[in-house]
Visitor: 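Here you go, one structure.
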There are 2 protein chains.
Amino acid sequence: MKDNLELLKSYQLKITPQRIAIVEELASHGHLSIEDLYQGLLERFPTISLATVYKNINAMEEKAFVQEVKIPEQKSKYELTKANHAHVVCQECKKVEDVVVSTKVILDEVKDVSHYQIDRDDLVFTGLCPECVVRQSA
Amino acid sequence: MKDNLELLKSYQLKITPQRIAIVEELASHGHLSIEDLYQGLLERFPTISLATVYKNINAMEEKAFVQEVKIPEQKSKYELTKANHAHVVCQECKKVEDVVVSTKVILDEVKDVSHYQIDRDDLVFTGLCPECVVRQSA
DNA sequence: ACTTAAAGGAAAATAATTATCTTCTGCATA
DNA sequence: TATGCAGAAGATAATTATTTTCCTTTAAGT
Ligand SMILES: [Mn+2]
Ligand SMILES: [Mn+2]
Ligand SMILES: [Zn+2]
Ligand SMILES: [Zn+2]
């Protein structure tokens with residue numbers, strides 16, 4: 001927790017109760033949409049404005065403190081920036097999880113085939129989570 | 001060209017001049033946003049409605065005739081559905097290109113690590129295209 | 001405590017998407 | 001080839017999403 005606030009500060013983002021709450025929500029729930037965040041914060045800040053959520057997420061994204069995650073068929077999710085990782089999405093229960101995989105092989109192939117210089121990768125794998133797999137076969 | 005119209009028909013999509021134009025735009029330009037499409041069609045159909053573009057793209061997506069491609073920092077692009085492939089995006093000139101790479105290795109690793117059953121992958125690699133690389137170092 | 005730049009909140013402004021309704025047309029059928 | 005009709009186009013309104021404005025409040029440095 002402390003780390004995140006320090007980090008916020010280091011990114012020239014003024015520490016406010018609303019921002020602390022946003023960081024806590026993201027830290028504890030992981031991948032949240034704007035609406036998710038707003039609903040979560042409403043409980044703690046009954047008067048918070050949706051514009052505040054947008055403004056803060058945009059500011060934090062600007063400073064690369066949070067990152068947008070675009071997922072097929074879903075609203076964008078936001079998460080605290082962390083080491084590069086891929087995502088798995090369950091098309092049944094909609095949950096989104098991090099997955100750390102080695103990208104060297106595919107990155108090399110992409111560079112080789114495309115002749116692009118690659119600085120970033122966004123990898124999303126969609127399917128069924130273990131729970132929904134069993135539920136489906138039942 | 002003919003193929004696409006046959007395909008449209010096979011997807012129970014009625015053939016109209018506007019739809020033919022949408023397919024042609026997508027076939028010749030590849031990855032287009034709603035706005036791109038609208039602007040392109042406006043030249044041929046000065047009275048076309050933006051709603052018509054939305055409705056058609058949605059209908060075609062519904063039938064899996066076209067696919068949405070979500071790209072970081074950009075509006076969604078649409079393309080004619082084709083064999084699964086990844087995308088490279090130039091952060092400088094914004095162009096989007098297809099790239100065919102082998103996904104078996106990474107797919108196996110994702111399945112292994114996450115225990116998800118994976119049905120689909122959306123891979124976007126962002127960087128600099130060959131032209132923008134040289135331009136940048138100049 | 002004082003000062004000030006920045007942040008919050010409410011509301012307005014924009015942008016994006018969808019819905020409704022009327023007119024038109026692709027296309028199946030006689 | 002003529003006819004009927006489901007579905008598509010166009011115009012517009014309505015929703016929904018996102019951003020901006022404006023004024024008040026507050027974090028944080030002095
Ligand atoms: Mn993540
Ligand atoms: Mn493509
Ligand atoms: Zn699931
Ligand atoms: Zn380029």
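Proteins get letters first, then strands, A, B, ... in listed order; numbering begins at 1 in each.
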Visitor: Taking B/Arg135 first and then B/Glu92, would you say they form a salt bridge - that is, a charged N and a carboxylate O separated by under 4.0 Å?
Guide: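 Between B/Glu92 and B/Arg135 there is no salt bridge, as every charged N stays at least 4.0 Å from the carboxylate O atoms.
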
Visitor: Based on the rotation axes of five pairs at each end, what angle does the helix from C/dA1-D/dT30 to C/dA30-D/dT1 bend through, to 10°?
Guide: 50°

Visitor: Could you list all the salt bridge (charged side-chain N to carboxylate O under 4.0 Å, His left out) pairs where at least one residue sits in residues 97-119 of chain B, not counting sequence neighbours?
Guide: B/Lys82-B/Asp98, B/Lys104-B/Asp108

Visitor: Could you give all pairs that pass the ring pair (Phe, Tyr, Trp, His ring centres under 6.0 Å) test and reach residues 89-119 of chain B, with sequence neighbours left out?
Guide: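 Those involving residues 89-119 of chain B do not exist here.
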
Visitor: Which pairs pass salt bridge (charged side-chain N to carboxylate O under 4.0 Å, His left out) with one or both residues in residues 52-69 of chain A, sequence neighbours excluded?
Guide: none

Visitor: Heavy atoms within less than 4.0 Å of DNA chain C: which residues of residues 34-48 of chain B have one? Give them sorted by number.
Guide: none

Visitor: Under the rule for ring pair (Phe, Tyr, Trp, His ring centres under 6.0 Å), what residues qualify as partners of B/Tyr38, not counting sequence neighbours?
Guide: none

Visitor: Considering only heavy atoms of chain A and a distance under 4.0 Å, specify the first and last nucleotide of DNA chain D in 5' to 3' order that meet this criterion.
Guide: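 Contact span on the strand: D/dA17 to D/dA28.
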
Visitor: Between atom CG in B/Leu13 and atom C1' in C/dT25, what is the gap in whole Å?
Guide: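 Taking atom C1' of C/dT25 as the reference, CG of B/Leu13 is at 16 Å.
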
Visitor: Are the side chains of A/Arg19 and A/Leu13 in contact, using a 4.5 Å heavy-atom criterion?
Guide: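 Yes, their side chains come closer than 4.5 Å.
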
Visitor: Are side-chain heavy atoms of A/Leu7 and A/Val23 found at a separation under 4.5 Å?
Guide: no

Visitor: Given that B/Ser49 and B/Lys9 both sit by DNA chain C, which one's nearest nucleotide is further toward the 5' end?
Guide: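 The residue whose closest nucleotide sits nearer the 5' end is B/Ser49.
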
Visitor: Do any pairs count as a ring pair (Phe, Tyr, Trp, His ring centres under 6.0 Å) and have a residue in residues 44-63 of chain A, sequence neighbours left out, and if so which ones?
Guide: none

Visitor: Step by step, work out the salt bridge (Lys or Arg N to Asp or Glu O under 4.0 Å) result for B/Arg44 and B/Glu25.
Guide: CA-CA 11 Å; B/Arg44 297 202 245 170; B/Glu25 284 286 309; 3.7 Å; yes

Visitor: Holding to side-chain hydrogen bond (donor to acceptor under 3.5 Å, both in side chains), I want the full list of residues that pass it with B/Gln117, two or more places apart in sequence or in another chain.
Guide: none

Visitor: Show the distances under 3.5 angstrom between N or O atoms of the protein and N or O atoms of nucleotides 2-6 of chain C.
Guide:
residue, atom, partner, partner atom, Å
C/dA6, O4', A/Lys14, NZ, 3.3

Visitor: Can you list every ring pair (Phe, Tyr, Trp, His ring centres under 6.0 Å) pair that touches residues 67-106 of chain A, not counting sequence neighbours?
Guide: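 Qualifying pairs: A/His31-A/His87, A/His85-A/His87.
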
Visitor: Quick one, which residues of residues 54-80 of chain B touch DNA chain D with a heavy atom under 4.0 Å?
Guide: B/Lys55, B/Asn56

Visitor: Could you tell me whether a side-chain N or O of B/Lys77 sits under 3.5 Å from a main-chain N or O of B/Ser33, the two making a donor and an acceptor?
Guide: no

Visitor: Under 4.5 Å between any side-chain heavy atoms of A/Val100 and B/Val113, yes or no?
Guide: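 The answer is no, as the side chains (C-beta and beyond) never meet within the 4.5 Å cut-off.
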
Visitor: For the residue pair A/Ile106 and B/Ser102, what are the closest heavy atoms and their distance?
Guide: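 Of all heavy-atom pairs spanning A/Ile106 and B/Ser102, the closest is CD1-O, 4.0 Å.
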
Visitor: State, yes or no, whether a side-chain contact exists between B/Ile57 and B/Ile22 at a heavy-atom distance under 4.5 Å.
Guide: yes

